[in-house]
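Just so it is clear, the values below take in all heavy atoms, side chains as well, and ignore hydrogens, waters and symmetry mates. We count ligands from 1, going down the list as the structure has it; atoms in each ligand are counted the same way. Note that the coordinates shown come from a computational prediction; the quantities given were computed from them, not determined experimentally.
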Amino acid sequence: MTFHPRNRHQGHYDFPLLIQGCPELAPFVAPAQHGKPSIDFSDPQAVRLLNKALLSHYYQIQNWEIPIGYLCPPIPGRSDYVHAVADLLSLSNHNHIPRGETVRGLDIGVGSSCIYPIIGRGEYGWSFVGTDVDMSAIRSAEKIVSMNPSLISNIELRTQPQMTHFFKNAVHPQERFDFSICNPPFHSSEQEATTGSRRKWKNLGKKLFARKEKTSVPPLNFGGQKSELWYPGGEIAFIRKMIMESREYSKKIHWFTSLLSKETHLPAIESAINKTNATDYKVIPMSQGQKKSRVVAWTFLNPDEQKKWFTKSAV
Ligand code: SAH
């Protein structure tokens, strides 16, 4: 299995094209072992500029900066999740993907990069509310939105003051969303996050301790702050809490979804969903080369309510 068929970031990156839109990327591009142009994926600056170039070329985002040390999201993987959500929504819309700004998503943990709203708007014209517990992430996302005309009127950012809540404080009383989307912090402790990053660094073929600075912690090429990387109890605890709280929003949000990084965590999530009165539950597999991941999705709407959802008369 590879990327979603609608994913526009398959195969090799077209670096000459990307450099046209983002000349700053040029000094970081060189022929790789396979002979084709590439970048050093262990260099955070190169990865950041690749993202800038992709966002500019594919989504007309001309201004995109994230603070140093924050998660730099790989665009192809994030796009797959958005396409999976589009497929899910099409099930309640006569198998047509609903497009345009009336389709509303709630991005729980929007991050400093504002990545899901950018892709969701760029691919399908959807509107978003993005939330985060990290004020600096919110400020950075706000800056991205305010500096890009295609985002300004359809993306709103809200601070979540309580780490243990996802919908409360985020969803306004009369509001409805067609879906929620979330990339949870997946490590269960700071130590685990550091070990994970070290493994990743090794996989990229670097000699960990060969750097001049005598650091025991590898540089995070994709970055990451504490709240981005870990949560007590890891992704299971995070998603379980989200499932429990979603019961109170059962008629306000059609599809609740979350990324789940580990397959071994599926039974725990399945059992949490079974304890609710969810009417449907789906696991959507995703694969990007070696890396396998999945989206879990659940809804409380009955088949009739689902059918009527996009006529906005379901509840
Ligand atoms: N969506 C971005 C960032 C994911 S990292 C991306 O895919 O790259 C996870 C994010 O969730 C972090 O920004 C973290 O601060 C935020 N977060 C953690 N707990 C949260 C909560 N209860 N509500 C909203 N955001 C939360």
Side-chain angles (χ1 to χ4, degrees), residues 44 47-48 50-52 54-55 61 64-67 69-85 105-121 128-142 144-145 151 155-171 177 179-190 193 196-197 220-246 248-249 253 256-261 286 288 291 293-295:
V47 172
R48 202 179 55 78
L50 170 63
N51 271 24
K52 229 177 128 110
L54 288 169
L55 294 175
I61 299 300
W64 185 83
E65 294 293 341
I66 54 168
Y70 274 78
L71 200 70
C72 190
I75 312 286
R78 298 299 196 273
S79 305
D80 252 24
Y81 186 178
V82 172
H83 293 305
V85 169
L106 175 69
D107 182 6
I108 299 168
V110 62
S112 60
S113 63
C114 201
I115 193 64
Y116 289 126
I118 290 176
I119 298 175
R121 265 210 75 59
F128 281 86
V129 168
T131 72
D132 213 289
V133 290
D134 181 335
M135 276 304 295
S136 311
I138 289 284
R139 270 197 297 272
S140 164
E142 267 168 358
I144 293 172
V145 170
L151 308 179
I155 299 177
E156 194 189 320
L157 298 154
R158 296 178 190 165
T159 305
Q160 169 57 268
Q162 289 169 290
M163 191 117 190
T164 49
H165 285 292
F166 306 96
F167 306 104
K168 186 181 158 192
N169 311 313
V171 179
F177 289 95
F179 64 92
S180 66
I181 193 166
C182 177
N183 180 6
F186 52 83
H187 294 296
S188 56
S189 66
E190 190 163 9
S197 161
L220 296 159
N221 60 328
F222 288 99
Q225 292 290 304
K226 226 162 130 177
S227 68
E228 293 182 312
L229 297 176
W230 70 277
Y231 184 84
E235 64 176 1
I236 292 189
F238 193 93
I239 302 171
R240 254 198 204 136
K241 269 211 169 73
M242 187 184 290
I243 292 167
M244 291 308 143
E245 200 187 348
S246 70
E248 292 166 50
Y249 295 81
I253 300 179
F256 296 87
T257 76
S258 176
L259 214 56
L260 181 72
S261 75
M286 298 194 298
Q288 294 110 44
K291 197 169 166 272
S293 172
R294 64 221 38 82
V295 172

Non-hydrogen side-chain atoms of Ile115 and Leu71 separated by less than 4.5 Å: no

Tyr70 side chain to Asp134 side chain, donor-acceptor N/O pair below 3.5 angstrom: yes

Using a distance-only test with no angle check, is there a side-chain donor-acceptor pair under 3.5 angstrom linking Tyr81 and Thr257? yes

Atom pairs, nitrogen or oxygen, ligand 1 to protein, under 3.5 angstrom:
| from | atom 1 | to | atom 2 | distance (Å) |
| --- | --- | --- | --- | --- |
| ligand 1 | 1 (N) | Gly109 | O | 2.8 |
| ligand 1 | 1 (N) | Val110 | O | 3.4 |
| ligand 1 | 7 (O) | Arg78 | NE | 2.8 |
| ligand 1 | 7 (O) | Arg78 | NH2 | 3.4 |
| ligand 1 | 7 (O) | Asn183 | ND2 | 2.9 |
| ligand 1 | 8 (O) | Arg78 | NE | 3.4 |
| ligand 1 | 8 (O) | Arg78 | NH2 | 3.0 |
| ligand 1 | 13 (O) | Asp132 | OD1 | 3.3 |
| ligand 1 | 13 (O) | Asp132 | OD2 | 2.6 |
| ligand 1 | 15 (O) | Asp132 | OD1 | 2.6 |
| ligand 1 | 15 (O) | Ser227 | OG | 2.8 |
| ligand 1 | 22 (N) | Met163 | O | 2.8 |
| ligand 1 | 22 (N) | His165 | O | 2.9 |
| ligand 1 | 25 (N) | Gly109 | N | 3.4 |

Tell me whether the rings of Phe167 and Tyr249 are parallel (<30°), tilted (30 to 60°) or perpendicular (>60°). tilted

Shortest non-hydrogen contact between Thr131 and Ile138, atoms and distance: C-CD1, 4.1 Å

Report yes or no: does Glu65 contribute a side-chain atom to a donor-acceptor pair with the main-chain N or O of Ser140 at less than 3.5 Å? no

